Novice: 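I have a structure I would like to understand better, so I am pasting it below and will then ask my questions one at a time.
FYI, side chains are in, hydrogens and waters are out, and symmetry mates aren't considered; it's all heavy atoms of this structure. As the structure is a prediction and not an experimental result, all values here were calculated from the model.
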There are 2 protein chains.
Amino acid sequence: MNKKQAQSEQTRKKISDAARSLFVQKGYKATSIEDIVAATGSSKGNIYYHFKSKEGLFSYLLHEWDRDWLEKWQARLPSYATATAKMYGLAEQIVREDLNHPLTRAADEFFSNDEQKSEIEEKMNTMMQEHLLFNRQLIQEGVDGGEFSGEQIEQKALVLEGIIVGMSRVCRNQPLEQVLKHYQFAIDTFLHGIAAGPQQS
Amino acid sequence: MNKKQAQSEQTRKKISDAARSLFVQKGYKATSIEDIVAATGSSKGNIYYHFKSKEGLFSYLLHEWDRDWLEKWQARLPSYATATAKMYGLAEQIVREDLNHPLTRAADEFFSNDEQKSEIEEKMNTMMQEHLLFNRQLIQEGVDGGEFSGEQIEQKALVLEGIIVGMSRVCRNQPLEQVLKHYQFAIDTFLHGIAAGPQQS
DNA sequence: CTCGATACTGAACGTTTGTTCAGTATTGTA
DNA sequence: TACAATACTGAACAAACGTTCAGTATCGAG
């Protein structure tokens, strides 16, 4: 409401927008505070006035993204009739929203540094657990609806997560339309497999 | 044959062994030359006498690993009768040999730095292409043997690669036996899918 | 207008890191 | 033994980076 508060909020947004765009382009480590300074016109000190640290800034972006993603998903949810349709819808949203997201690029970096028990690593473990829960519920829904077979839901949720994560890396640097097709095919495979005959153990 | 040459080779091995172990533990960036110095007892200069740079050292390890992997695979190959069996065998070897390997950890780091067109990034793109070729041949074999259905082999190879890559990240920090089960289940799913009814498009 | 709080500046700091190089030790050869 | 090639040392260098802080500008309340 204050002119001062408005300015402050605007600056905060300017910094986070620029930072997000840079993290997306270059990854976490490769993006320096100096880069953000150059992109915003703000000073180094000002960034540290608004955010606790580089990690804090990144963490803020992750949290923001987390919220937005769920919002979008819940907005689309009513348009899917079956769990199968939801699964294809899930793949599409992931490709469209997450494939070029800070997390997707920077997650790799943090996963490989086991020395630092940073808050970001913890955040990502939490998100992974949430993903598994999400997948489990989705699969359970399909089971209840008679679409999927009902054993070993836990394991299936894990494999689905693996597919989603793995495809994002395999598809890197490919055009969006192609990636969409690949993900769709991956879900196809997840649902029906590649074996020739009828289902067998 | 010379005492000098033998010493040199031994030193080279001592450095690369220590470096591999450190890269495995800490990842590429988190492992400093200083760490390797501390682990070997050699001097900094000596490391640079034997290896062109840190990247050169890592690249050497990658190459070495590449060779060993193929050797082991080809040694096991005769014991698999069908393409299906090979696929489960592939999953097992990957879990046992690669899951804690420098590449698996450090690949993540290099994939997220798009600024540097390092020789390592190129090497990894090459390896990815080789993997796809490998997968394609494996699937083709199964198709020829009547085990798998024969369409869209290219796409299936990509999904298989995605599953393998993705599962490695999803399974991180889990005990080996569990990881083996997860991979096995992933291959199960890849082959048969989770859908309830018979195959449908 | 005044004073305190808030917003912002940018030079300086400390640390880390990969790399170099002048110099020393060791070994093979003539 | 003498000399050159090879193997090795470690102090020094330079660049990059995140972070701090003393100081300045701007704004709102009293």
Novice: Does the side chain of A:K156 pick up a donor-acceptor pair with the side chain of A:S149 at under 3.5 Å?
Specialist: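 Yes, a side-chain donor-acceptor pair sits under 3.5 Å.
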Novice: Rounded to the Å, how far apart are B:F51 CZ and C:dT20 C1'?
Specialist: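 Going from CZ in B:F51 over to C1' in C:dT20 covers 18 Å.
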Novice: We want to know whether A:Q184 and A:D188 form a side-chain donor-acceptor pair, criterion being a heavy-atom distance below 3.5 angstrom.
Specialist: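 Side-chain D/A pair, A:Q184 to A:D188: absent.
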Novice: Measure from CD on B:Q10 to C1' on D:dT6 and round the result to the nearest Å.
Specialist: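 B:Q10 atom CD is separated from D:dT6 atom C1' by 16 Å.
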Novice: Taking 4.0 angstrom as the limit, do A:D17 and A:R20 come out as a salt bridge?
Specialist: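 Salt bridge between A:D17 and A:R20, a charged N being under 4.0 Å from a carboxylate O: yes.
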Novice: How close or far is atom P of C:dA7 from atom CD of A:E9, stated in whole angstroms?
Specialist: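 A:E9 atom CD is separated from C:dA7 atom P by 11 Å.
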Novice: Output yes when at least one side-chain N/O atom of B:T11 is less than 4.0 Å from OP1 or OP2 of D:dC8, else no.
Specialist: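 The answer is yes; a side-chain N or O of B:T11 sits under 4.0 Å from OP1 or OP2.
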Novice: Tell me the interatomic distance from B:L57, atom CG, to C:dG18, atom C1', rounded to whole angstroms.
Specialist: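 That distance rounds to 12 Å.
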Novice: Which parts of nucleotides 9-20 of chain D does protein reach within less than 4.0 Å, heavy atoms only, written one letter per nucleotide 5' to 3' as B for base, S for sugar-phosphate only and - for none?
Specialist: BB-B-----BBB
Novice: Using side-chain hydrogen bond (donor to acceptor under 3.5 Å, both in side chains), reason through A:D144 and A:Q140 one step at a time and then give a plain yes or no.
Specialist: CA-CA 6 Å; A:D144 294 341; A:Q140 182 62 55; 2.9 Å; yes
Novice: Do the side chains of A:R96 and A:E92 get close enough for a salt bridge, i.e. N-O under 4.0 angstrom?
Specialist: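 Yes, charged N to carboxylate O under 4.0 Å.
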Novice: Can any side-chain N or O of A:E161 pair as donor or acceptor with the backbone N or O of A:L132 at less than 3.5 Å?
Specialist: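 Here the side-chain-to-backbone pair does not exist.
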Novice: Which nucleotides of nucleotides 22-30 of chain D have their base under 4.0 Å from a protein heavy atom (B), which only their sugar-phosphate (S), and which neither (-), written as one string 5' to 3'?
Specialist: ----BBS--
Novice: May I ask you to check whether B:N46 and B:S43 show a side-chain donor-acceptor distance below 3.5 Å?
Specialist: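 Note: B:N46 and B:S43 side chains miss the donor-acceptor criterion.
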Novice: Sequence neighbours left out, what passes side-chain contact (heavy atoms from CB on, under 4.5 Å) with A:Q174? Give chain and number order.
Specialist: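 A:Q174 satisfies side-chain contact (heavy atoms from CB on, under 4.5 Å) with A:Q178, A:V179, A:H182 once adjacent residues are dropped.
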